[in-house]
Protein chains: 2
Amino acid sequence: MKIAVDTMGGDYAPKVVVEGVERARNEFSDLEFLLFGDQEQIKKYLQDSKRITVVHTKSEILGTDEPMKAIRKKKDSSMVLAAQAVKDQKADALFSLGNTGALMAAGIFIIGRLKNIARPALMPTLPAMSDQPGICYLDAGANAEVKVSYLEQWAVMASFYAREVLGVAKPRVGLLNNGSEYDKGDRLHQEAYQALKELASVNFVGNVEADNLLKGVADVVVTDGFTGNAVLKATEGSVKILISQLKQALLTQGLRSKLGALLAKPALKSIKDTFDVSAYGGAVLMGVKAPVVKSHGSSDARTIYYALVQLRLMYNKGMLMQVMTYFDQQKKES
Amino acid sequence: MKIAVDTMGGDYAPKVVVEGVERARNEFSDLEFLLFGDQEQIKKYLQDSKRITVVHTKSEILGTDEPMKAIRKKKDSSMVLAAQAVKDQKADALFSLGNTGALMAAGIFIIGRLKNIARPALMPTLPAMSDQPGICYLDAGANAEVKVSYLEQWAVMASFYAREVLGVAKPRVGLLNNGSEYDKGDRLHQEAYQALKELASVNFVGNVEADNLLKGVADVVVTDGFTGNAVLKATEGSVKILISQLKQALLTQGLRSKLGALLAKPALKSIKDTFDVSAYGGAVLMGVKAPVVKSHGSSDARTIYYALVQLRLMYNKGMLMQVMTYFDQQKKES
């Protein structure tokens, strides 16, 4: 399997990307890489070029670039050329930690939508406060406006992912909604409830409220991209605020500061571990023709390594093939 | 001023309600109360009946009751009769900590919508991580589906509230959206952005993303009730999870448990204080003919006391009259 890697996005690129790639290459003998980016910078960090080909690119898409414009204009950027390599079947999967909107656009317009899929969705895996291996959450922001049929397709695709990549035998699917009863939410969510309930191929367990999201009441949670994005940001925002409050409290609330700092460390580390999603890799662009994963711009080499493992699993388990077969079958039957 | 109080909802009713009422009565000589509920239970806790009239009621609306059905069928419930007293001008304001949906229905269908207001909204005040006196946040869940014109009315009403009740000279109004640029979100939010920008009577400061909500970038944040509800629950949910994680971490992460508990206390208290909204009272049902406030079912006497102070301020400042005058004027001009 060959992975096309956009090395230029993110806060610590290309250093951490090269480190993550080398770790994955060392661990898995079936992995090869095409690294797109500034050749000089990449080679500064690359220790061993075994199964790694560097493709020099002249420009890079910035976090501030307008996504659609960026992929149209910056044809020689590391992201566009990496996506192009997947389209041209020179690589099997795409990884980037650059501009999320641009990567979605590159995935959809360069690599292309998977057959029969109306709208690809962005799917991070969220940490669960239970012993399940994380919560597949989509759409996290690719589609502000949705139809019931999109939610159905996302539920099916994420169920395949939870089974094949996370190893959940019978993934429980929930609908993010503002109440647990079937008649909660606006018309769209009421209709989505019924549609998901009647969808034989998913194990629908009902509505999930945002305050229960991380508790682990479902393995897959589907939502429109507008609410999905807002809830994710609210969760991240309050976790950040609380951690900073906690730091301050432990350091100043009548404790000698050294003792406070000493004691704060394990507590903060434990909380960080709980909310640590780096082992999940990154967010999958679900519904395009190849595995595409986006990691956070501030990712370290470890997170990037896990994202590459995630792409490998998606590919080796033939997840997208299964999805395609399912929707082909569906279409024939309808 | 006379406040109609539904004493029967909530986890510790009517005890904490009676205590909160007595504290407010002792503090403010202009306050009188009508307490609706089980006479025997109320009298058990009531120490002094000065300026307090108890009205015995035979039934109560439960948290599990379907709101519309409850206010139609339970005509002799403490909540319905308290709302009826406001409608009949036997009281000037309504307080309850019972079923939120039922209270919204009682406010809208018994007390009635304020003239020219299309849809009342539920408005809690959120804690701000800045030195501003809280964030007026609406709609928190009364209207899953909205129009741009509702958002405009809510922005205006909440600005009056922030000025009169919170004392903010020139309230900054934000729109909850999934990006800071003007073209973010679905069509509704893009249109709302333009409409709020052009609304001369509010000080619109642009989009507010959910992860910035509590940072205090605006004094008023308007949102549709579906997203508003989900974001609020996500925030509450993650705060709860983090606090429980923190407790566990401080008690078990290699610390002797007694020392851990000792150290955890001030840290937890400090965080609790930061997120403490009891001083804000409760959520206002904004857009009905009288001040209506709902406090959380688990409220203590202190929170209820603050909610009564909040009703008193809304009434004494003539806030609703100002809102009415504004919309009357608007209508004449259009």
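It should be emphasised that the depicted structure is a prediction, and the values quoted were computed from it without experimental measurement. Every chain is numbered from 1 and lettered A, B, ... according to where its sequence line falls, protein lines coming before strand lines.
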Between K294(A) (side chain) and V284(A) (backbone), is there a donor-acceptor pair under 3.5 Å?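 Checking the backbone N and O of V284(A) against the side chain of K294(A), no donor-acceptor pair under 3.5 Å is found.
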
Can a donor-acceptor pair be found, under 3.5 Å and without considering hydrogens, that links the side chain of T303(B) to the backbone of S299(B)?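 No, T303(B) side chain to S299(B) backbone: no donor-acceptor pair under 3.5 Å.
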
Which bit of [X] comes within less than 4.5 Å of chain B, counting heavy atoms only: side chain, backbone, both or neither?
| X | value |
| --- | --- |
| N177(A) | both |
| L213(A) | neither |
| N229(A) | side chain |
| L176(A) | backbone |

Taking G237(B), G179(B), A230(B), A234(B) one by one, which has the highest count of heavy-atom pairs under 4.5 Å against chain A?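 That would be A234(B).
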
Please tell me whether F226(A) and F226(B) form a close aromatic pair, meaning their ring centres lie under 6.0 Å apart.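 No, they do not, as the ring centres are separated by 6.0 Å or more.
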
If only side-chain N and O atoms count, and only distance matters, is there a donor-acceptor pair under 3.5 Å linking Q153(A) with R119(A)?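 Short answer, no.
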
Over 12 foreign heavy atoms within 6.0 Å of CZ, R302(A):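 Yes - once you tally the heavy atoms of other residues, nucleotides and ligands closer than 6.0 Å, there are more than 12.
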
Relative to chain B, which of [options] shows the most heavy atom pairs under 4.5 Å?
| options | value |
| --- | --- |
| E181(A), K184(A), H189(A), K215(A) | H189(A) |
| E209(A), M129(A), K240(A), E145(A) | E145(A) |
| N178(A), N143(A), I241(A), T223(A) | N178(A) |

Return the minimal non-hydrogen interatomic distance between T125(A) and Y280(A), and the atom names on each side.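 That would be O-CD1, 3.4 Å.
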
